[in-house]
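Since the structure is predicted, the reported quantities are computational estimates derived from the model, not experimental observations.
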There are 2 protein chains.
Amino acid sequence: MSVLEDAPGDGGPRAGAHLDDPIDAKIVQEMSLDARATLSQVSQVVGLSVSAVQTRLRRLEARGVITGYRAILDPEAVGKSLSAFIEITPLDPSQPDNAPELLEHLAEIEACHSIAGDASYILFVRVATPRDLEALIRDIRLAASVRTRTTVVLQTFYENRPISLPG
Amino acid sequence: MSVLEDAPGDGGPRAGAHLDDPIDAKIVQEMSLDARATLSQVSQVVGLSVSAVQTRLRRLEARGVITGYRAILDPEAVGKSLSAFIEITPLDPSQPDNAPELLEHLAEIEACHSIAGDASYILFVRVATPRDLEALIRDIRLAASVRTRTTVVLQTFYENRPISLPG
DNA sequence: TATGAAACTTGGATCGG
DNA sequence: CCGATCCAAGTTTCATA
């Protein structure tokens, strides 16, 4: 048996909702860097058997720590070379504000956050052409009854960098 | 010969940088929705053999259409519950401006875009606590000699939505 | 000391590349 | 055809009583 790795059967992950187990953290980090890594690859990295890794991975998915797996695409290659931030503010503050739901059907919207600051929300959007952006802004205004302030992205140096985990 | 299926080895995707082949688009979409989908799953969706899908997938990776695969994590669960946008502007416009490289080592920075508007760049960052955000802002100022304007995210309704593909 | 829960390992069947 | 995944025992450890 290996003496370099810790003994089998030792302290597993805590029952809490958070990710405080170092082995789970390693698994998450590995899958975060390469979501198509095989279980045996991960098992070698973390020093556990394939089945143990599989069980932990299933649990991480079930607990909602890992919410999905995505291929990262080159926006140019898939015809979405223009991206922008759109800040939005409801025209009528007295109305119930459910802009996020009202906008959810617009597939060009990649993210929607509510923010502290002048605007209520900020969206990150991707389109093919300036004309598509114009159309999207119009759709957003109509769908959610909001004022918009758009900041066009000129160049993306990096994005989608993996979340850095402690330890 | 069949005209519904294309014969192996026949005209695949064009050699150009763009993604104009409908089957490649389907493959990309599928991997974008679930990066851990097996080749046989994808092959059933697109109606090709497993090896045909494998070849196309390798080519999509080699052409840089697919740049990687990531697990999507719950920020809360991995201890990064506070996120923010930080706009930055160089203090001295006469100096050479390489802020993106100067900031690349800060792992809390998930994305860096140059933008049209008042500021030069916008960053998206994730940290655990307000104190960590304070420290990060200080680090950014020192590392890149910039003025910063920070907008804290109060709530994230959705993010990392898959890129919607035409057709 | 005895018992039970939780986690790891092993080995074999099945499926995928 | 090889490797990865899945599933069903058997084993160790730790925390109870």
Round to the nearest Å and state the distance from [X] atom [atom1] to [N] atom [atom2].
| X | N | atom1 | atom2 | result |
| --- | --- | --- | --- | --- |
| A:Leu39 | C:dG16 | CG | C1' | 13 Å |
| A:Asp34 | D:dA4 | CG | C1' | 15 Å |
| A:Gln54 | C:dT10 | CD | P | 15 Å |
| B:Arg36 | C:dG17 | CZ | P | 12 Å |
| A:Arg58 | D:dC7 | CZ | P | 6 Å |
| A:Leu57 | C:dA7 | CG | P | 15 Å |
| A:Asp21 | C:dA7 | CG | P | 9 Å |

For residues 137-156 of chain B, the ring-ring contact (aromatic ring centres under 6.0 Å, His included) pairs (sequence neighbours left out) are none
So, does B:Ser40 get its side chain near the phosphate of C:dG17, meaning an N or O under 4.0 Å from OP1 or OP2?
yes
Would one find a side-chain N or O of A:Arg59 under 4.0 angstrom from OP1 or OP2 of C:dA6?
no
A:Leu60 and A:Met31, any side-chain heavy atoms less than 4.5 Å apart
no
Could you check whether any side-chain heavy atom of A:Ile66 comes within less than 4.5 Å of a side-chain heavy atom of B:Leu73, counting everything from C-beta outward?
yes
Nearest to the [X] side chain among [options], which nucleotide is it?
| X | options | answer |
| --- | --- | --- |
| A:Leu48 | C:dG17, C:dC8, D:dA4 | C:dC8 |
| A:Val50 | D:dT5, C:dG16, C:dC8 | D:dT5 |
| A:Arg56 | C:dT10, C:dC8, C:dG17 | C:dC8 |
| B:Thr38 | C:dC8, D:dT5, C:dG17 | C:dG17 |

By salt bridge (charged side-chain N to carboxylate O under 4.0 Å, His left out), A:Glu110 pairs with (sequence neighbours left out) A:Arg126
For the helix from C:dT1-D:dA17 to C:dG17-D:dC1, measure the angle between the helix axis at one end and the axis at the other, each built from five pairs, rounding to 10°.
10°
Can you name the nearest heavy-atom pair linking B:Thr89 to B:Ala119, along with the distance?
OG1-CA, 3.5 Å
Should the pair B:Asp24-B:Arg63 be classified as a salt bridge under the 4.0 Å nitrogen-to-oxygen rule?
yes
Pair A:Ser51-A:Ser49, side chain to side chain donor-acceptor pair (under 3.5 Å): steps then yes or no
CA-CA 5 Å; A:Ser51 301; A:Ser49 72; 4.8 Å; no
Is there a donor N/O on one and an acceptor N/O on the other, under 3.5 Å, for the side chain of A:Ser51 and the base of D:dC7?
yes
